[in-house]
Amino acid sequence: MKAAMVMLCLIWGFNFVIMKLGNGVFPPGEFATLRFLTGSFVLIGVCLVKKIPLPSKSDFKWLILCGLFQTAYFNIAIQVSLNYISAGLTSVLTYSMPLFLSIMAHRWIPGERLTSRKTFGILIGIVGLFTAMNIHEGGAIWAVLLALSSAISWAIANLLFKLKLKHCDTIQFTTWQMTIGAIGLLIYTLSFEHGEAHWGLMPVVYILFSGVIASSLAFVMWNHILRHTQASTASISLLLVPIVGVISGYIFLNENLSIVTLVGILLVLVGIWIVNRNSSLKTEKNLPRDIE
């Protein structure tokens, strides 16, 4: 499971580079729409090949909510925020999601109590993320709140999955929430966004990577991890995603990587270690001792 989490963070972190390149040839909302429509088509094809049935009628209302919260609203809030505040601040606010999910899980998911040590680890990780992004400017307060709402929206979707849809096949859930969310993004893009797309070989590569690898594959991996791991433990590891994005930007886009950023990365790693170490200790205590 840890290897899958590391792979997921690498994929989503590197996708920051791909999204930045993609936003250079497509309007941001259009790129997000093309990304998730591509991911949806791939997953629908997988469902057909594997003969995965349609969700039950009782699950559809929850799938619609997850699709709107996790794919549609989440991405719209990010794209609008980026027009008014920095990308660094937006990513920090978005990846404060573990704090909100942990609080929600503490309140509504049995067996996922938020201990003082786990809370400390999450807060250290988020402080490290602020430090790593080297935030200096605030921007319009409404845009800051909008970016923060993307984290809350993502947390709500994850909570709904844990509470209402955990019984679903992982591919089935990912397929239909993403398809519903992609339709929401398409409606938003057609209604509100203007701009010119520049098609070519590399733009197609950007869409394929973001759609197939960073959307269909990565979200199947995330939902599998979330199904089998405590919400707070799984989500805190996602703080690595913007860190991988910063390092990827340094390697592939020649972006700056300062000492302050490295200190922030260290704090994020410490926070993740505190939360996961806490879980590891509990697991070890519950293991039966060998008979001597």
Side-chain angles (χ1 to χ4, degrees), residues 8 11-44 63-95 97 143 146-158 174-200 202-223 238 241-242 244-245 248-249 253:
L8 177 65
I11 291 172
W12 275 346
F14 180 70
N15 195 49
F16 272 100
V17 172
I18 300 299
M19 286 191 296
K20 187 162 186 176
L21 294 171
N23 285 345
V25 291
F26 295 103
E30 182 177 342
F31 182 71
T33 301
L34 291 169
R35 167 190 174 182
F36 286 104
L37 283 175
T38 300
S40 298
F41 286 135
V42 169
L43 287 173
I44 290 171
L63 286 166
I64 291 171
L65 286 174
C66 285
L68 294 176
F69 279 121
Q70 182 165 296
T71 301
Y73 181 82
F74 175 74
N75 284 281
I76 291 169
I78 291 173
Q79 297 298 344
V80 174
S81 300
L82 283 170
N83 291 326
Y84 299 94
I85 59 178
S86 70
L89 181 56
T90 302
S91 65
V92 168
L93 294 170
T94 297
Y95 279 90
M97 185 275 287
L146 184 64
L148 194 63
S149 74
S150 71
I152 297 172
S153 176
W154 190 9
I156 291 172
N158 289 327
T174 307
T175 299
W176 294 108
Q177 74 82 17
M178 187 176 294
T179 301
I180 292 164
I183 293 171
L185 282 170
L186 179 61
I187 293 171
Y188 167 80
T189 301
L190 293 175
S191 301
F192 300 106
E193 192 165 71
H194 306 283
E196 185 179 353
H198 301 280
W199 288 93
M202 291 313 297
V204 171
V205 171
Y206 303 152
I207 292 171
L208 289 177
F209 181 89
S210 284
V212 179
I213 305 298
S215 296
S216 54
L217 173 61
F219 274 102
V220 168
M221 291 172 64
W222 167 243
N223 292 324
L238 290 180
V241 173
V244 174
S248 298
L253 301 176

Engineer: Any heavy-atom pair between the side chains of W222 and T174 that's under 4.5 Å?
Structural biologist: no
Engineer: OG of S215 to CZ of F36: how many Å apart, nearest 0.5 Å?
Structural biologist: 4.0 Å
Engineer: Strictly distance-based, threshold 3.5 Å: is any side-chain N or O of S150 a donor or acceptor partner for the main-chain N or O of A147?
Structural biologist: yes
Engineer: Could you measure the distance from the CE atom of M19 to the CG atom of L82? Nearest 0.5 Å is fine.
Structural biologist: 8.5 Å
Engineer: Can you find a pair of side-chain heavy atoms, one from V212 and one from I207, that are under 4.5 Å apart?
Structural biologist: no
Engineer: Do Y95 and W12 have ring centres separated by under 6.0 Å?
Structural biologist: no
Engineer: Indicate yes or no for a side-chain donor-acceptor contact from S210 to the backbone of R35 under 3.5 Å, with no hydrogens or angles considered.
Structural biologist: no
Engineer: Would you say N15's side chain and I11's backbone share a donor-acceptor pair under 3.5 angstrom?
Structural biologist: no
Engineer: For the residue pair V241 and F16, establish whether any side-chain heavy-atom pair is separated by less than 4.5 Å.
Structural biologist: yes
Engineer: Can you tell me how far CD1 of I44 sits from CE of M178, rounded to the nearest 0.5 angstrom?
Structural biologist: 10.5 Å
Engineer: Looking at A182 and S40, what are the two nearest heavy atoms and their distance?
Structural biologist: CB-OG, 3.9 Å
Engineer: Measure the shortest side-chain to side-chain distance between E193 and P28 over non-hydrogen atoms and say whether it is less than 4.5 angstrom.
Structural biologist: yes
Engineer: Write down the atom of T189, the atom of G29, and the distance for their closest heavy-atom approach.
Structural biologist: OG1-O, 3.3 Å
Engineer: Might you point out which heavy atoms bring L186 and T33 nearest each other, and give the distance in Å?
Structural biologist: CA-CG2, 3.7 Å
Engineer: Let me confirm one number: the CD-CG distance from E30 to L37, rounded to the nearest 0.5 Å.
Structural biologist: 10.5 Å
Engineer: Side chains of residues 65-80: which donor-acceptor partners sit under 3.5 Å, not counting sequence neighbours?
Structural biologist:
unit_1 : atom_1 : unit_2 : atom_2 : d
T71    : OG1    : Q177   : OE1    : 3.1
Y73    : OH     : S149   : OG     : 2.7
N75    : ND2    : T71    : O      : 2.6

Engineer: L43 versus V220: any side-chain heavy-atom pair under 4.5 Å?
Structural biologist: yes
Engineer: Working to the nearest 0.5 Å, report the span between CZ of F209 and CG of L21.
Structural biologist: 11.0 Å
Engineer: Looking only at heavy atoms, what is the nearest atom pair of I18 and F31, with distance?
Structural biologist: O-CZ, 4.2 Å
Engineer: Measure the spacing between CD of E196 and CZ of F26 and express it to the nearest 0.5 Å.
Structural biologist: 11.5 Å
